[in-house]
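Counting starts at 1 for both ligands and their atoms, following the listed order.
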Amino acid sequence: MTARKPMIAGNWKAHKNVVEALEIAGSIMLAVEDIWDVEVVLCPPFVALAPMRERLVESRVRLGAQNVHLEEGAYTGEIAPRMLVGLCDYVIVGHSERRHLFGETDDLVNAKVRAVLAHDLAPILCVGESLEQNESGETEAVVSAQVRAALQGVGGADLMGAGGVVAYEPVWAIGTGKPCHGSQANAVIGMIRRLLVDLCGEEVASRLRVLYGGSVNEANAVEFLEQPHIDGALVGGASLRGYDFTRIVRRANELRRRVE
Ligand code: PGA
């Protein structure tokens, strides 16, 4: 664990209706009330953002959207960045499910990062290699190309000012129950950090958080959170269970206190 404030973010994907979302958000809110040293972020489906915002108004739990369109206009079914202003602080951009199931390219991911920053929202930029790329030793090349492309033309100061975050999520580890080894994730995230130094300078890079995501649960979280380069976790499946998610937050908090 690093000196940066760790973040534990839950990505609920297309799970939970508004009633269920409010129920779990309420229980997470109460369970993390005494936790000050970890930033807790929930990313529910769009429809739950406004009611959750209201429910969490007195809480330190922050909210994120899972995706966003580039702009307002004749785009039936889309949500533009301005519509998220006031509802959430973070926006997940470039999640591998968006890249693979919805055809999002590096160029589109870059445009979304810029659109998010232009509205003073913070991107949680997801990058990660496929199983095939991993097995053929291309992890570093693929991940660094994704980071470079996503941050093309993006000012480091803007990224830092907004509180932008990068999440390394190897595609083969997402939703499979087969996470990356902590040391492997740490090595890739160390590489991402060095790349951020190149792209944004030492000062900015030292403040940006880089998370690990992919089959993180309460049993394996410490293996990631105790790594020197890893600043927290982006949690999918386990974040749907309030108790499990809270346990991950507590573990991050314990490790953080040990560092201080
Ligand atoms: P998982 O999902 O924790 O269920 O593997 C992580 C993610 O998709 O962000």
Just the distances, no angles: every ligand 1 N or O to protein N or O pair closer than 3.5 Å, one line each.
residue, atom, partner, partner atom, Å
ligand 1, 2 (O), Lys13, NZ, 3.4
ligand 1, 3 (O), Ser215, N, 3.4
ligand 1, 3 (O), Gly236, N, 2.8
ligand 1, 4 (O), Gly237, N, 2.8
ligand 1, 5 (O), Gly175, N, 2.6
ligand 1, 5 (O), Ser215, N, 2.7
ligand 1, 8 (O), Lys13, NZ, 2.7
ligand 1, 8 (O), His95, NE2, 2.7
ligand 1, 9 (O), His95, NE2, 3.3
ligand 1, 9 (O), Glu169, OE1, 3.2
ligand 1, 9 (O), Glu169, OE2, 2.6

Do [X] and [Y] have side-chain N/O donor and acceptor atoms under 3.5 Å apart?
X      : Y      : answer
Trp172 : Glu135 : no
Asn134 : Glu129 : yes
Gln184 : Tyr212 : no

Is the Lys NZ or Arg CZ of Arg98 less than 6.0 Å from the centre of Phe102's six-membered ring, within 45° of the axis?
yes
Option from Lys112, His95, Arg99 for which side-chain hydrogen bond (donor to acceptor under 3.5 Å, both in side chains) with Glu104 holds
Lys112
State the CZ-CD distance between Arg62 and Glu39, to the nearest 0.5 angstrom.
4.5 Å
